[in-house]
*Asks:* 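Below is the structure I would like to discuss, written out as structure tokens.
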Amino acid sequence: MGKPIQTAISPTRAEDYPEWYQQVIKASDLAEKSPVRGCMVIKPWGYALWENIMRTLDGMFKITGVKNAYFPLFIPLSFLEKEAAHVEGFAKECAVVTHHRLEKGPKGELIPAGELTEPLVVRPTSETIIGDSFSKWISSYRDLPVLINQWANVVRWEMRTRLFLRTSEFLWQEGHTAHADKEEAVDRTRLMLDVYARFAEEHLALPVIRGEKSASERFPGAVSTLCIEAMMQDRKALQAGTSHFLGQNFAKASGIRFQSAQETEEFAWTTSWGVSTRMIGGVIMSHGDDDGIILPPKIASSHVVLLPIIRKDDDRRPVMEYTENLARALREKTYGNRQIDVEIDTRDIGGARGWEWIKKGIPLRVEIGPRDIAGNSVFLARRDQSPKEKKSLTREQFIEQIVDILDDIQKNLFDRALEFQKQHTVKIDDKNDFSRFYTPENTEKPEIHGGFALSHWCGEGSCEEMIKEELKVTIRCIPFDAETEAGTCIWCGKPSSKRVIFAKAY
RNA sequence: CGGGACAUGGCUCAGUCUGGUAGAGCACAGCGUUCGGGACGCUGGGGUCGCAGGUUCAAAUCCUGCUGUCCCGACCA
């Protein structure tokens, strides 16, 4: 009884975007909140995404000469104190370990005991501890460059958290490199950003804008910070990856010195770069619809689910046999850098079964019943199309075409996201227009509004700050492809030579 | 860390004002009927009402303290 529900997720994106995001994660079984404040449990369907991200990115790093290593979770407090700007940036969100033992209290409760002489900081990032290693590994220009990456967890004690987008503990990779000259380090910074951009676009189907951060948004201690920025469906920007040129700041703090070919003692030039589980939040918010998430096939937790339709007991045997055979044939095929992953769902829960897989965002659903066996066919539905758009293919056609179909979905998701980004990216030259663009009509509960504004900026931090203060809008980046063009700052009217990207941000 | 709200089964909540046997819907399990557009019936399992004190013959309900969560600010991959 009751009216059929129109969408699988309630509320819809238009009704309440932040709430939609939470509900989508719940419905898709990606992750859940943990009993620990601000932390999350990543469930198998969500962790598979991360595994696929890791596998692909890891390969991309290694092609550029990067090797993996692992550094400690704990950083001596004194290490963190070495770089002034770095301390400034992270001091307010560090978890600190002060004891190394638990003792039974009078009521049997456990009390921390054995105070450490030097407190240990749970890494918020590893520049300082990796720098310490680098200082020991490097003594000659012949030792350079050193190109290291680690896959790890880090902790930043955030005030407000959201699953995947901002959690107190998150998974990421952090690359750290040291070079003999500035030029090479600058090139590496840019190279890794390009790796991220290519990964985001080709694997996550996220169109991104590459650019440089303004001084106020720079990584604490960096000389320059490069980033990729993606537009979510609420038209806010999400920083999906960053690459930092650290100059000699951290080399000086950690004593990374080497003897040059000219026999002089020099400080190394270092870089660091990272992407995190936040990317998954970006995938959810870019591609999801009111029926749940839509996984890009390249990183999808699984590619296709087979749904046997069994009406009578007599059907069971032939339908299951047909299904198992199809699964075997599909698993022999390769898409991207892995074999096709096939799920078989035999649960007898009626139509709810298909909807669960829609909510989980699996790229392809295949229904297999007596009719298909009779016609040697399959009944196929694509997650990037409406749930009703199912069509029949012969078994052979399907096996032959599945890789192309997956690729078509991948491309379609990217094209849609790019179209959306273009639609909501506008050049704005008038201050009033700018304010109007970023002011919701309903201030109580802001509707989806705004987008990326390409506007002139004089380069002054004070303008940036006032814009942030008044409109909650920040400079996301100074795009690499910005053309030199005479104009006036959107805020103060002083002359400016190029446009930057403004947006509300996550 | 400042201002506000809340805490009852896995989830969403009623019951609290006016103290007296712990409730509903959804979810879950079993059986049957179903199944290619989100099924239905019957039966069943599951909660010391956030924690610790106090008042009382009696506390989910009243009082005190604590903890946690959410919303709004300051901070952020």
Side-chain angles (χ1 to χ4, degrees), chain A residues 1-10 18-19 22-23 26-27 32-33 35-38 88-94 107 109 124-125 153-162 164-174 196 213 216-220 225 227-229 238-244 272-282 291-292 307-313 315-316 319 346-359 365-373 375 377-381 386-392 443-445 468-469 472 474 505-506:
Chain A
M1 298 309 277
K3 273 191 271 182
I5 302 161
Q6 299 296 312
T7 58
I9 303 298
S10 164
E19 183 59 23
Q22 306 280 24
Q23 293 305 324
K26 198 182 283 181
E32 62 192 19
K33 287 188 183 162
V36 183
R37 178 198 176 85
E88 179 76 21
F90 286 107
K92 278 171 278 179
E93 49 186 38
C94 284
K107 292 173 209 151
E109 78 280 26
T125 180
N153 58 339
V154 286
V155 169
R156 296 182 187 174
W157 214 260
E158 300 289 351
M159 287 293 127
R160 288 191 62 187
T161 57
R162 295 183 74 186
F164 290 114
L165 294 177
R166 178 168 297 106
T167 45
S168 293
E169 180 192 14
F170 57 95
L171 305 182
W172 78 344
Q173 66 54 225
E174 48 180 324
Y196 289 157
K213 286 292 187 194
S216 69
E217 300 270 334
R218 216 174 265 155
F219 176 76
T225 289
C227 63
I228 52 173
E229 296 281 333
L238 181 80
Q239 178 178 305
T242 48
S243 184
H244 316 290
S272 68
W273 26 276
V275 300
S276 71
T277 35
R278 176 179 241 206
M279 274 189 157
I280 295 172
D291 288 328
L307 304 167
I309 311 284
I310 296 160
R311 297 171 140 201
K312 297 170 293 201
D313 266 351
D315 295 340
R316 183 172 306 276
V319 169
T346 57
R347 289 174 304 163
D348 180 18
I349 54 171
R353 186 175 58 166
W355 281 97
E356 262 188 37
W357 291 100
I358 291 175
K359 287 184 272 190
R365 305 187 305 284
V366 174
E367 293 171 0
I368 297 168
R371 262 183 255 165
D372 303 290
I373 296 178
S377 63
V378 299
F379 207 51
L380 176 72
S386 129
K388 11 178 162 167
E389 260 183 89
K390 301 180 193 173
K391 67 173 181 181
S392 190
T443 45
E444 289 286 302
K445 194 182 151 213
K468 184 176 178 180
E469 187 86 3
K472 304 211 164 78
T474 49
Y506 275 97

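Heavy-atom basis, side chains included; hydrogens, waters and symmetry copies ignored. Numbers restart at 1 for each chain; the letters A, B, ... are given by sequence-line order, proteins then strands. Note that the structure is a prediction, hence the values are computed from the model and not measured.
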*Asks:* Write down the partner of A7(B) under the Watson-Crick or G-U wobble criteria, each distance required to be under 3.5 Å.
*Replies:*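 Paired with A7(B), as far as the under-3.5 Å criterion goes, is U67(B).
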*Asks:* Report the base-pairing partner of G2(B) (Watson-Crick or G-U wobble, both distances below 3.5 angstrom), or none.
*Replies:*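 Pairing partner, where one exists within any strand: C72(B).
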*Asks:* For the side chain of I309(A), starting at C-beta, report the closest nucleotide among G38(B), C35(B), A77(B).
*Replies:* C35(B)
*Asks:* Measuring only the C1' atom in each nucleotide, how far is G54(B) from A22(B)? A whole number of Å is fine.
*Replies:* 24 Å
*Asks:* Between W157(A) (CH2) and A77(B) (C1'), how many Å, whole number?
*Replies:*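 These atoms are roughly 17 Å apart.
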*Asks:* Out of G36(B), A77(B), G38(B), which has the shortest distance to the side chain of R156(A)?
*Replies:* A77(B)
*Asks:* Under 4.5 Å between any side-chain heavy atoms of Y196(A) and T242(A), yes or no?
*Replies:* no
*Asks:* Give T242(A) one of three labels, base, sugar-phosphate or nothing, depending on what nucleic acid heavy atoms sit under 4.0 Å from its own.
*Replies:* nothing
*Asks:* Just N and O in the side chain of K390(A): are any of them under 4.0 Å from OP1 or OP2 of G36(B)?
*Replies:* no
*Asks:* Please work out if G274(A) contacts a base, only the sugar-phosphate, or nothing of the nucleic acid, heavy-atom cut-off 4.0 Å.
*Replies:* nothing
*Asks:* Which of the following nucleotides, G73(B), A77(B), C35(B), is nearest to the side chain of K472(A)?
*Replies:*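 Comparing G73(B), A77(B), C35(B) against the side chain of K472(A), the answer is G73(B).
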*Asks:* Under 4.0 angstrom, heavy atoms only, what part of the nucleic acid is P370(A) near: base, sugar-phosphate, or nothing?
*Replies:*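 Base contact.
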*Asks:* When you look at F90(A) and T125(A), which way does the side chain to side chain contact (heavy atoms under 4.5 Å, CB included) test go after all the steps?
*Replies:* CA-CA 9 Å; F90(A) 286 107; T125(A) 180; 3.8 Å; yes
*Asks:* Using the side-chain heavy atoms of K33(A), tell me which of these nucleotides is nearest: G73(B), C75(B), C70(B).
*Replies:* C70(B)
*Asks:* Distance between the P atoms of U61(B) and U8(B), in whole angstroms?
*Replies:*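 One P to the other, the span is 13 Å.
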*Asks:* Hey, does S168(A) reach any base, or is it just sugar-phosphate, or nothing, if we go heavy atoms under 4.0 Å?
*Replies:* nothing
*Asks:* Which nucleotide, if any, forms a Watson-Crick or G-U wobble pair with G32(B), using both distances under 3.5 Å?
*Replies:* C40(B)
*Asks:* Should K312(A) be listed as having a side-chain N or O under 4.0 Å from OP1 or OP2 of U33(B)?
*Replies:* no
*Asks:* Please state how far atom CD in E158(A) lies from atom C1' in C75(B), giving the value in whole angstrom units.
*Replies:* 8 Å
*Asks:* Just to be sure I understand the rule, does I358(A) reach a base, reach only the sugar-phosphate, or reach nothing, if contact means heavy atoms closer than 4.0 Å?
*Replies:*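 Since no nucleic acid heavy atom lies under 4.0 Å of I358(A), the category is nothing.
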*Asks:* Select from F219(A) and Q22(A) the residue whose nearest nucleotide in RNA chain B is closer to the 5' end of that strand.
*Replies:*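 Of the two residues, Q22(A) wins.
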*Asks:* If you measure from the P atom in G10(B) to the same atom in G73(B), how many Å do you get, rounded?
*Replies:* 33 Å
*Asks:* Could you check how far CZ of R347(A) sits from P of C35(B), rounded to whole Å?
*Replies:*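 After rounding, the reported distance stands at 19 Å.
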*Asks:* With rounding to whole Å, what would you report as the distance between G45(B) and G30(B) at their P atoms?
*Replies:* 15 Å
*Asks:* For E367(A), which contact category applies under a 4.0 Å heavy-atom criterion: base, sugar-phosphate, or nothing?
*Replies:* base
*Asks:* In whole Å, measure the gap between the C1' atoms of U56(B) and G19(B) for me.
*Replies:* 9 Å
*Asks:* To the nearest Å, how far apart are D372(A) CG and C35(B) P?
*Replies:* 16 Å
*Asks:* Using the C1' atom as the reference point in each nucleotide, state the distance between G4(B) and G9(B) in Å, no decimals.
*Replies:*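 Between the two C1' atoms, the distance is 29 Å.
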*Asks:* Counting side-chain heavy atoms from C-beta on, which of U69(B), G38(B), C35(B) comes nearest to K359(A)?
*Replies:*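 Nearest nucleotide to the side chain: G38(B).
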*Asks:* Checking all strands, does L307(A) fall into the base, sugar-phosphate, or nothing category for heavy-atom contacts under 4.0 angstrom?
*Replies:* nothing
*Asks:* Without decimals, in angstroms, what is the distance between K26(A) NZ and A27(B) P?
*Replies:*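 Taking atom P of A27(B) as the reference, NZ of K26(A) is at 15 Å.
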*Asks:* What is the distance, to the nearest angstrom, from the CD1 atom on I368(A) to the P atom on C35(B)?
*Replies:*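 From I368(A) CD1 to C35(B) P: 19 Å.
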*Asks:* Mind checking the CD-NZ spacing from Q23(A) to K359(A)? Nearest 0.5 Å is all I need.
*Replies:*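 Between atom CD of Q23(A) and atom NZ of K359(A) there are 10.5 Å.
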*Asks:* Under a 3.5 Å limit for both distances, which nucleotide forms a Watson-Crick or G-U wobble pair with U16(B), could you say?
*Replies:* none
*Asks:* When the C1' atoms of C6(B) and C49(B) are considered, how many whole Å apart are they?
*Replies:*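 Looking at atom C1' only, C6(B) and C49(B) are 14 Å apart.
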*Asks:* After noting the C-alpha distance and the side-chain angles of V275(A) and Q173(A), does the key distance pass the side chain to side chain contact (heavy atoms under 4.5 Å, CB included) rule?
*Replies:* CA-CA 6 Å; V275(A) 300; Q173(A) 66 54 225; 3.5 Å; yes
*Asks:* Judged by each residue's nearest nucleotide on RNA chain B, which is more toward the 5′ side, G89(A) or P387(A)?
*Replies:* P387(A)
*Asks:* Could you please spell out the steps behind the salt bridge (Lys or Arg N to Asp or Glu O under 4.0 Å) verdict for E229(A) and K213(A)?
*Replies:* CA-CA 10 Å; E229(A) 296 281 333; K213(A) 286 292 187 194; 2.7 Å; yes
*Asks:* Any side-chain heavy atom of L238(A) sitting closer than 4.5 Å to one from L165(A)?
*Replies:* yes
*Asks:* Between A58(B) and U48(B), how far apart are the C1' atoms? Round to whole Å, please.
*Replies:* 16 Å
*Asks:* Can you tell me how far C1' of G36(B) sits from CD of E389(A), to the nearest Å?
*Replies:* 16 Å
*Asks:* Send over the distance from E356(A) CD to A27(B) C1', rounded to a whole Å.
*Replies:* 11 Å
*Asks:* To the nearest 0.5 Å, how far apart are CD1 in I228(A) and CE in M279(A)?
*Replies:* 5.0 Å
*Asks:* Hey, what do you get for CD (E32(A)) to CD (Q22(A)), rounding to the nearest 0.5 Å?
*Replies:* 13.0 Å
*Asks:* Between G38(B), A77(B), G73(B), spot the one nearest the side chain of F170(A), thanks.
*Replies:*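 Of G38(B), A77(B), G73(B), A77(B) is nearest to the side chain of F170(A).
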